Amino acid sequence: SHRAGAAVLRVGGLHEPEPELTIPRGQSFRRKGVIVHESVDLDLAPPRIVEGIPVTGPVRLAVDPGSVVSPARYAQTMREILFGSKVTKEELLRAYLRHKARGRNGCGALRDWLDRYFDVEGIPESALEQLALDAILDAGLPVPVLQLWVDTPSGRYRIDIAFPALRVAVEVNGRQHEEDPEVVANDKVRTAALEALGWEVLVIRSTSFASDLAAVIRRLRQIHASVV
């Protein structure tokens with residue numbers, strides 16, 4: 001369970017945590033080097049069997065790590081749970097309400113996550129997209145849509161962070177978008193196709209992430225101010 005369960009399900013960026021188990025309250029299990037939690041609500045956490053091992057499922061993992069990992073690690077865990085396990089935010093909300101009623105540790109972190117991201121449609125596909133999304137939300141800008149598909153005469157393109165009402169696309173690009181000639185050429189076609197439909201395309205490069213992000217935030221504020 002907890003960090004070990006996250007590692008078995010390959011979420012949260014933890015690869016070799018100490019063994020960590022959850023057992024029913026009132027039972028006893030002690031082994032050197034094993035972290036043991038006693039729980040009165042295991043009925044809320046049906047396990048997922050991985051190679052014969054019962055492991056805390058992805059919905060419960062949205063609760064348990066909140067009490068034992070840093071906020072940054074928790075945010076990564078949540079992004080990967082949503083992206084890899086196909087858990088919905090509605091399922092997470094129901095899990096929060098059920099576990100909160102039982103006084104489960106970790107509910108505070110899940111509540112804060114739901115308050116911040118429940119209205120965001122889509123999932124960041126990388127840590128940099130997550131950072132960009134957080135900066136946009138902190139700036140008080142409209143809530144964007146993530147991974148929005150747009151059909152154009154040149155093809156169908158997916159926008160990393162989109163503001164459909166403003167017709168603004170924000171792309172968070174890794175090094176390959178500067179170093180791979182084929183990717184660079186495809187980006188030019190994509191940008192031209194989106195601009196032909198009235199979209200403004202803003203780019204945040206990983207090689208100049210901080211300065212590009214600040215410039216994108218400024219531009220988004222200008223565009224938003226012009227239409228309100």
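In this text, all values refer to a predicted model and were calculated from it rather than measured experimentally. Below, all heavy atoms of this structure are taken into account, side chains as well, without hydrogens, waters or symmetry copies.
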Audit row: Val184, Glu178, side-chain contact (heavy atoms from CB on, under 4.5 Å) steps and yes/no
CA-CA 6 Å; Val184 171; Glu178 298 180 61; 5.6 Å; no
Please report the closest heavy-atom contact between Gly12 and Thr77, naming both atoms and the distance.
CA-OG1, 3.2 Å
Spell out, yes or no, whether Val50 and Leu61 are grouped together once hydrophobic residues are joined by side-chain heavy atoms under 4.5 Å, including indirect joins.
yes
Side-chain contact, heavy-atom cut-off 4.5 Å: Ile53 with Val8?
no
Could you tell me the separation between the CD1 atom of Ile204 and the CD1 atom of Ile161, rounded to the nearest 0.5 Å?
6.0 Å
Ignoring hydrogens and geometry beyond distance, is a side-chain donor-acceptor pair present between Ser208 and Arg205 at under 3.5 Å?
yes
Side chain proximity check, Leu21 to Ile35, heavy atoms < 4.5 angstrom:
no
Are Thr56 and Ser1 linked by a side-chain donor-acceptor pair shorter than 3.5 Å?
no
Scanning both residues in full, the closest heavy-atom pair of Gly66 with Ala109 reads CA-CB, 3.6 Å
Would you please say whether a donor-acceptor pair under 3.5 Å links the side chains of Asn186 and Tyr157?
no
What I want to find out is whether Arg3 reaches Asp64 closely enough, with some N-O distance under 4.0 Å, to be called a salt bridge.
no
Same hydrophobic cluster for Phe83 and Phe118, using side-chain heavy-atom links shorter than 4.5 Å among ILVMFWY?
yes
Side chains of Val55 and Ile49 in contact at under 4.5 Å (non-hydrogen atoms)
no
If you apply the rule side-chain contact (heavy atoms from CB on, under 4.5 Å), what do you find for Arg104 with Ser39, and how did you get there?
CA-CA 9 Å; Arg104 183 73 183 172; Ser39 172; 3.3 Å; yes
How many angstroms lie between atom CG of Asn173 and atom CZ of Phe209, to the nearest 0.5 angstrom?
11.5 Å
Salt-bridge present (Arg158, Glu125; N to O < 4.0 Å):
yes
Between the CG atom in Leu146 and the CG atom in Leu82, the distance rounded to the nearest 0.5 Å is 11.0 Å
Would you say the side-chain atoms of Arg219 and Gln222 include a donor-acceptor pair closer than 3.5 Å?
yes
Basic-acidic side-chain contact under 4.0 Å: Arg30, Glu38
yes
Looking only at atom types and distance, does a side-chain atom of Glu171 sit under 3.5 Å from a main-chain N or O of Asp160, one as donor and one as acceptor?
yes
Taking NZ, NE, NH1 and NH2 as the nitrogens, is one of them in Arg116 or Asp138 under 4.0 Å from a carboxylate oxygen of the other?
yes
Are side-chain heavy atoms of Val150 and Arg156 found at a separation under 4.5 Å?
no
With a 3.5 Å cut-off and no angle check, do the side chains of Gln147 and Glu129 form a donor-acceptor pair?
yes
Flag the pair Arg98 and Asp43 as a salt bridge only when some basic side-chain nitrogen lies within less than 4.0 angstrom of an acidic carboxylate oxygen.
no
Electrostatic pair Asp119-Lys89, nearest N-O below 4.0 angstrom
no
Among Leu133, Leu131, Asp134, which residue meets the side-chain contact (heavy atoms from CB on, under 4.5 Å) test with Pro124?
Leu133
Looking only at side-chain N and O atoms, does Gln130 offer a donor or acceptor that is under 3.5 Å from a partner on Tyr117?
yes
